[in-house]
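None of the values given here were measured: they were computed from a predicted structure. Letters go in sequence order (proteins before strands), and every chain restarts at 1.
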Amino acid sequence: MSQAIFWPLYTIACIWLHSLVPGLDCFAPALIVCLHLKRYQSVFWLGLIWLLINEGVGSIAFGASLVWDAGLVLFFFAVQVFFSSRHVYFLFVLAVFAAGWHYVVFFSMLNLQELQVHKEALIMNSLLTACAFPLAWIVIQGILKQHGTGQYVQR
Amino acid sequence: MFRFKFKYIFIAFLLPLFLYLGLYTWNWRTGALDDLAASTGMEIVGWVLAPGKWADRKAGLLWNRYVSLVETEKENALLREELEALKLELIRLREQAAEQQLLASLLELSPLDGWDAFGARIIAHQIGPNAVLQTVFINKGRADGVSRDQPVITPDGVVGRVLKASSHFSSVLLLTDPNSYIPVLGQKSRTRAITRGQGRGEPLQVNHVPKNELLFSEELLVTSGLADIYPKGLPVARITRIEISELSLFKKVLSGALVDPFRLEGVLVLQRNERSEPLPLQQER
């Protein structure tokens, strides 16, 4: 399966999953997998489309997803200074960071826009994000490898 | 050495931060990026979800028609439609009766005068990580005449108001969200208050009711029409608890929403028509 078929199908599946599990973000883990596979062009285009989707159906002003994704990308490169993204610890550290970052970004954005939301709901979303990251990573990697498109891009 | 480091930090961190803050404040003033995201992202999601929901509904309908008695089902559907129309009529008449008893000067007002209603289907609830407020996603958008802040109701009561709209889809902020404030008045007592959501399954707060104001237990709260968003007289909630505290100047009142927005499949969107009085702002302009 080529990337041109895989990513639109993945996007459709994610939209359905998002409608079934409120607060879930399946796009961010896929973005990190693309970074891990050094597919920087895919990161840009998919990131742009997913950003518009998340911001479009979101209920807060534009900007939260941008900070959320940018933070994850920065974290990905920062962690690589210490150990490779192929290391199993990487997934664990990423999940923990994603949960914390998710809470910080959305808590700050809601306060900035003077909106109120129950802290428990935000914490639940953050925990959901932490669980989703390793799962999505394994699923995406598995599918891409099975269909021969999960190799690293040689540069 | 220091100059090099500063340059590096500036390019890597401060420059993107300034750019982001610039973008954020520009969007906050103009709403341009919100509009762009709504008209692209919302449309993509809507067109992905709508066919599946349609297929699901059709499959359900087919199943129901073949399994259950066809004629009874048809008759039920007709009766349900009639019942919904009658409920709307009842809302109007109930409000008129209450007003006739208490405010003779407002006899000529009827709650849905100047408003048209059209149906919309709910195709999803909160979608994605950015949907932190309690919303539903409906299959009507700007092309159908939907715009921000339009009231969304069912024949049983208020559901919420339109938060944002793309060409063919919109999201609706539910009355149960903590950011949803609705000016109301007691149907019998005519005491004014503001309801505020407290989350899914939680009662609505009824704020700003002074201690000496009358409010009855189990009293129906209807929209007061003061915010220029909801027409006057739509049922919102029923009072469930009234507490009087020694320490506060206001009563602590809780109410139960008449509609559970998480169980709905369809809603009515209200739109001002030519008989509607213009908003004060429009008059000024």
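Residue A/Leu128: no heavy atom, backbone or side chain, is found under 4.5 Å from chain B. Residue B/Arg196 touches chain A through its side chain alone, counting heavy-atom pairs closer than 4.5 Å. If you measure heavy-atom distances from A/Leu110 to chain B, the contacts under 4.5 Å come from the side chain alone. With a threshold of 4.5 angstrom between heavy atoms, B/Ser171 does not approach chain A through any atom at all. Using a 4.5 Å cut-off between heavy atoms, B/Phe169 makes no contact with chain A at all. Of the atoms belonging to B/Leu33, heavy atoms from both backbone and side chain fall under 4.5 Å from chain A. With a 4.5 angstrom heavy-atom cutoff, B/Ala124 touches chain A only via side-chain atoms. Only the side chain of B/Asn27 comes within less than 4.5 Å of a heavy atom in chain A; its backbone stays farther off. For A/Ala121, no part lies under 4.5 angstrom from a heavy atom of chain B. Proximity to chain A is absent for every atom of B/Ile123, based on heavy atoms less than 4.5 angstrom apart.
In this structure a side-chain-to-backbone donor-acceptor pair under 3.5 Å is missing from A/Asp25 to B/Pro129. Between the side chain of B/Lys164 and the backbone N or O of A/Ile60 there is no donor-acceptor pair closer than 3.5 Å.
Ranking B/Thr40, B/Thr135, B/Val132 against chain A, the residue ahead of the rest is B/Val132, based on heavy-atom pairs under 4.5 Å. Per-residue heavy-atom pair counts under 4.5 Å with chain B were compared for A/Leu122, A/Thr129, A/Leu115, A/Leu51, and the maximum is reached by A/Leu115. Counting heavy-atom pairs under 4.5 Å between each of A/Leu66, A/Ile12, A/Val57 and chain B puts A/Val57 at the top. Top candidate by heavy-atom pairs under 4.5 Å with chain B, chosen from A/Ala64, A/Ala70, A/Ala61, is A/Ala61.
Heavy-atom neighbours of A/Phe82 CZ from other residues, nucleotides or ligands within 6.0 Å: at or below the threshold of 12. Enclosure of atom CZ in B/Arg121 is not indicated, since only 12 or fewer non-hydrogen atoms of other residues, nucleotides or ligands lie within 6.0 angstrom. Atom CZ of B/Phe118 has more than 12 heavy atoms from other residues, nucleotides or ligands within 6.0 Å. By the neighbour-count criterion of 12 heavy atoms within 6.0 Å, atom CZ of A/Phe92 is sparsely surrounded, having that number or fewer from other residues, nucleotides or ligands.
With a 4.5 Å cut-off on side-chain heavy atoms, B/His125 and A/Ser19 do not count as touching. Side chains of B/Asn179 and A/Val117 form no contact here, defined as non-hydrogen atoms less than 4.5 Å apart.
To the nearest 0.5 Å, atoms CG (A/Leu112) and CH2 (B/Trp28) are separated by 7.0 Å. Here A/His118 contributes atom NE2 and B/Arg200 contributes atom CZ; the two are 13.0 Å apart, rounded to the nearest 0.5 Å. Taking CD of B/Gln126 as the reference point, atom NE2 of A/His18 lies at 13.0 Å (rounded to 0.5 Å). Remark: A/Cys14 SG to B/Ile127 CD1 distance equals 12.5 Å, nearest 0.5 Å. Between A/Met109 atom CE and B/Tyr24 atom OH the span is 5.0 Å, to the nearest 0.5 Å. Between the CD1 atom in B/Ile44 and the OG1 atom in A/Thr11 there is a gap of 8.5 Å [rounded to 0.5 Å].
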Intermediate values then yes/no, side-chain contact (heavy atoms from CB on, under 4.5 Å), A/Ser59 and B/Asn130: CA-CA 6 Å; A/Ser59 44; B/Asn130 283 31; over 6 Å; no
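Considering every non-hydrogen atom in both A/Trp16 and B/Val48, the closest pair reads NE1-O, 3.5 Å. A pairwise comparison of heavy atoms in A/Phe62 and B/Ala37 identifies CD1-CB, 4.1 Å as the closest pair. Shown here for A/Gln116 and B/Pro178, the closest heavy-atom pair between the two residues is OE1-O, 3.7 Å.
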